[in-house]
Amino acid sequence: MSEAQKTAGRQDAGPSTVTGVDRFFRITERGSTFGREIRGGFATFFTMAYILVLNPLILGSAKDKSGEQLDPVQLTTATALVAAVMTIVMGVGGNLPLALAAGLGLNAVVAFQLAPLMSWDDAMGLIVLEGLLICVLVVTGLREAVMHAIPQQLKQAISVGIGLFIALIGFVDAGFVTRIPDAANTTVPVQLGSTGTLAGWPMLVFCVGVLLTIGLLARRVRGAILVSIVTMTVVALAVNALADVETWGLTTPEWPDTIVDAPDFGLLGQFSLFGAFGQVGVVTVVLLVFTLILSDFFDTMGTVVGVSAEAGLLDEDGKVPGLGKVLLIDGAAAVAGGAASASSATSYIESAAGVGEGARTGFANLVTGSLFGLALFLTPLLTIVPLQAAAPALVAVGFLMMTQVKHIDWDRYEIAVPAFLTIAVMPFTYSITNGIGAGFLAYVLIKTVLGRAKEVHWLLWGTSALFLVYFAIDPIEQLLGV
């Protein structure tokens, strides 16, 4: 925000009585008003409320090692509860208009990387462990060391790769892309629709939803993703009532008997902190936790700085006010997310929508958090959304994450090749961890070949060594007779 904008904001605020709440949140001091904070809180909620649908969609569609699935109603409750509590905590403790909820990308790691290897309790235990380690990194000051270890453009490549992975999940969940049966004896692994063509009313709902979402995004409509989900859910309800639809997949769009219901807290506390070690071994656990930390920690840093800059809150040195406290709360949110089985919670870049409406303080978070709290009692209404209405949002989020590809220097092979492998390996192997490992190993190798091994941070050397063991675990086990 320019100095002229900030000055205009202060003038628009006008005279007001400085109350205790005003002083605590520094509302007048930051050139805001209660009206702006309230509008900002609503705007942030409506631009990120899609997580109440997408998080249960992603986590609920996956199975753990024993074939168990999480209940979507309980997932919706857990998602809303963690978002409500941690957003309010950030508002009061960090005094930034920065809302938190289950992180997209992070929940994909939990659903499609952790769960197939272990039980849901063990997977959520790793999320709690990740959050605790982030808190330790913040308290000890090691976050700077970790940040300097990973090249910035490699971090951006990780975000891009996760974006493509999420988009692929959206296409697969909607049935737009399907696996070709092995009996077909073809070298092509996937196809369009279930028969090589698009057919059926549910597929039409998905395709129209994608077009609507990208159209709204192109028009810069606030809450575009949520508007698309709500609109296409209404369309799906009408289609299901009027047409003969054989199947919608996991969720059939039917109006519930009741809209309001008591929240189901059955997933709270269902985690095992160290159970994963017995399931997959120490090396794999270390790599999985590192993947979670990397995704969570650096996404948070970018979000916090970006939202604070947009709000004009950075100091003369470009630093975020109370950054340590903000990062500590974000780490605690990861712990809360795992403990509630809602996946790791993190700061949301959609908070910038609230800033655009005038929010400058944590008071806006009280509004956003209260709205998430209200959503706890609307679970029946939120669980009628079919995959075909929600999946377009995954495609859109994939696009938004893909935009970071422009920051990668494709003319420098020591960056371009690792970035490419990171981006390509994630969706092609259906594994975020594999993509990060491939990128790290390629980066270390190319730097060494170019005679610039000293430029590689020692933390990156250590992590790459772990990834080398991770990829070669089968021959190593055979060699050791394990």
Side-chain angles (χ1 to χ4, degrees), residues 44-62 69-84 87 99-113 115 127 159 162-174 176 205-206 209-210 212-214 216-217 223-233 236 248-251 253 267 295 299 337 340-351 353 368 371-372 375-376 378-379 381-401 432:
T44 294
F45 173 78
F46 284 116
T47 54
M48 62 183 285
Y50 63 83
I51 195 60
L52 295 173
V53 175
L54 289 189
N55 198 46
L57 167 66
I58 293 173
L59 293 177
S61 63
Q69 288 182 280
L70 297 177
D71 181 82
V73 174
Q74 294 178 336
L75 280 171
T76 303
T77 297
T79 302
L81 178 65
V82 172
T87 294
L100 300 92
L104 281 172
L106 291 167
N107 53 10
V109 175
V110 176
F112 305 105
Q113 191 66 35
I127 296 297
S159 293
I162 291 175
L164 287 179
F165 184 48
I166 288 175
L168 176 60
I169 292 170
F171 285 126
V172 171
D173 282 349
F176 187 85
V205 170
F206 170 73
V210 171
L212 174 63
T213 306
I214 61 177
L216 292 173
L217 287 173
I225 292 175
L226 183 62
V227 170
S228 173
I229 291 175
V230 172
T231 301
M232 297 317 300
T233 297
W248 288 86
L250 291 176
T251 305
L267 289 177
S295 300
D299 281 356
S341 295
S343 180
S344 181
T346 188
S347 303
Y348 262 56
I349 193 62
E350 285 85 350
S351 303
T368 304
L371 291 172
F372 273 116
L376 281 169
L378 300 177
T379 299
L381 189 62
L382 296 170
T383 52
I384 66 172
V385 182
L387 291 171
Q388 292 78 7
L394 295 177
V395 178
V397 171
F399 156 71
L400 293 174
M401 298 182 74
I432 294 171

Asker: Roughly how far, to the nearest 0.5 Å, is CD of Gln74 from CG of Leu70?
Answerer: 8.0 Å
Asker: Nearest 0.5 angstrom please: Thr77 OG1 to Leu267 CG, how far?
Answerer: 8.5 Å
Asker: Who pairs with Tyr348 by ring pair (Phe, Tyr, Trp, His ring centres under 6.0 Å), at least two apart in sequence or on another chain?
Answerer: none
Asker: Measure across Thr346 and Gly103 and return the closest heavy-atom pair with its distance rounded to 0.1 Å.
Answerer: CG2-CA, 3.7 Å
Asker: Not counting sequence neighbours, which residues clear side-chain contact (heavy atoms from CB on, under 4.5 Å) with Ala83? List them please.
Answerer: Ala101, Phe372
Asker: Between Ser228 (side chain only) and Ala224 (backbone N and O only), is there a donor and an acceptor less than 3.5 Å apart?
Answerer: no
Asker: For Gln113, enumerate each residue passing the side-chain contact (heavy atoms from CB on, under 4.5 Å) test, keeping only those at least two apart in sequence or located in another chain.
Answerer: Val109, Leu288, Ser431, Thr433, Tyr470
Asker: Between Ser351 and Ala99, is there a donor-acceptor pair closer than 3.5 Å when you use the side chain of the first and the backbone of the second?
Answerer: yes
Asker: Output all residues satisfying side-chain contact (heavy atoms from CB on, under 4.5 Å) with Pro386, sequence neighbours left out; order by chain, then residue number.
Answerer: Thr233, Ala236, Trp248, Pro253, Gln388, Ala389
Asker: Can you list everything that forms a side-chain contact (heavy atoms from CB on, under 4.5 Å) with Leu378? Sequence neighbours excluded, please.
Answerer: Ile259, Val260
Asker: What residues form a ring pair (Phe, Tyr, Trp, His ring centres under 6.0 Å) with Tyr50, not counting sequence neighbours?
Answerer: none
Asker: Do the rings of Phe176 and Phe206 sit parallel, tilted or perpendicular, given the 30° and 60° boundaries?
Answerer: tilted
